[in-house]
Amino acid sequence: MQNFQPEEVIVERGSEASPIYRNLQRSLPDVRFRVVDDIASANGSGDFGSAKKKLYLAKHKGEFFKKCPGSEGQVCCNYFVINFASNCPMDCSYCYLQEYLADNAALKVFSNVGDLIDEADATLKKHRGLFFRIGTGEITDSLALEPFTGMVREILPYFAQQPNVLLELKTKSDCVDGLLDLDPKGRVVVGWSMNPQRVIDADEHGTASLTERLNAAKRVQEGGYRLGFHFDPMIEYPGWEVDYAAMLDQTFATIDWRKLSWVSLGVLRDTPGLKRTMRERFPRSQLLTGEQVVCPDGKLRYFQPLRVDMYRKMVGWIRRAAPTVKIYLCMESREVWQQVFGFAPSCEKELGNQFADFGF
Ligand code: SF4
């Protein structure tokens, strides 16, 4: 992965007592730290790319724990999210954060870790009969900032002890060193977003290479973590089949698929607004040229027959190497599920129950 180091760390006054502040100071001895009273006015202006160069440490004032919003009309996988940071030091050309965080692009990590754990604890204790699959990578990459913030090291021991949780750390980095001496107790999945090296080179700027991701996956698997792979967003281009089949071969030759918790598939999704931003920021991206149609949730996707064909091929290649691994589709309609698998979950509860089966 390309080395990332923030140019400056801007700290909201009051956050100096946080363990994250101590971790940042220890890991970034040569970087200037500036303590400010008003973090909002210190945000400054600048484009989305320059916002990724400074790191802010501030108290999160809203709720940490919430249900994944999903996408209207698509089968929901009953996922919960905890946002411990906002924005990402890497820079994929298709990243939806370019639109979602357009007005709040600062690269931020939250200092009040105790509040995060208290909030999660209240919910998890109240609903011991429910199974929670919790992700931390909705508006950030779960591990890319870990070498500096040590955030996952702060929260993982709590989640590893909960009987009704699988915590997923989703990443395109290879920043796993800080995880290896922790005991995940079977409750933590490290999930990699995967694409062939050709797509990584073209559109996943600053991320770890395919080989680096797989080597990191092998290391955490050996350290007792469960693994997930998200082949998402799948990109269609002439010859995509050769690259994706080769990527799957490399994946299943590197890790033990029998300890794989799940695999998800999803095709490129964007919106007209995101496409405008991509055109400005990445005018040469191959993603701007493919044909897409507007779906009922307002998102642009490849034409349905093409999506079904891509999913069926991927499922066939995966099944060849890993016959019983659990595969699901991310943000797809029941119609597409039906055509790919011959069934569709009747409701999100059913899919949620399947995930409970995946984990236990
Ligand atoms: S790694 Fe994820 S969060 Fe980071 S830029 Fe890429 S898509 Fe966005």
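In listed order, ligands and their atoms are each counted from 1.
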**Prompt:** Taking both backbone and side chain into account, is any N, O or S atom of Cys88 nearer than 2.8 Å to atom 8 (Fe) of ligand 1?
**Reply:** no

**Asked** Would you call Glu7 and Lys53 a salt bridge, using N to O less than 4.0 angstrom?
**Response** no

**Fill in**
Under 4.0 Å from one or more heavy atoms of Lys172, ligand 1 contributes atoms 1 (S), 2 (Fe), 6 (Fe), 7 (S)

**Sole candidate of Glu291, Arg269, Gln292 that passes side-chain contact (heavy atoms from CB on, under 4.5 Å) when paired with Leu300** = Gln292

**Request:** May I ask you to list the atoms of ligand 1 that are less than 4.0 angstrom from any heavy atom of Asp91?
**Result:** 5 (S)

**Message:** Please determine whether the number of non-hydrogen atoms from other residues, nucleotides or ligands lying under 6.0 Å from atom OH of Tyr237 exceeds 12.
**Reply:** yes

**Item:** Nearest-neighbour protein heavy atom for atom 6 (Fe) of ligand 1, which is reported as residue plus atom name and distance
**Value:** Cys92 SG, 2.3 Å

**Request:** State, without any angle test, whether Gln162 and Lys125 hold a side-chain donor-acceptor pair at a distance under 3.5 Å.
**Result:** no

**Message:** Counting only heavy atoms closer than 4.0 Å, does ligand 1 sit against the backbone of Met90, its side chain, both, or neither?
**Reply:** both

**Message:** One thing to verify: whether Glu12 and Lys108 come together as a salt bridge, which I'm taking to mean a side-chain N less than 4.0 angstrom from a carboxylate O.
**Reply:** no

**Message:** Heavy atoms only, cut-off 4.0 Å: how does Leu97 contact ligand 1, side chain, backbone, both, or neither?
**Reply:** side chain

**Distance-only donor-acceptor check, side chains Thr277 and Glu99, under 3.5 Å** = no

**Asked** Who's the nearest protein heavy-atom neighbour of atom 8 (Fe) of ligand 1, and how far?
**Response** Cys95 SG, 2.3 Å

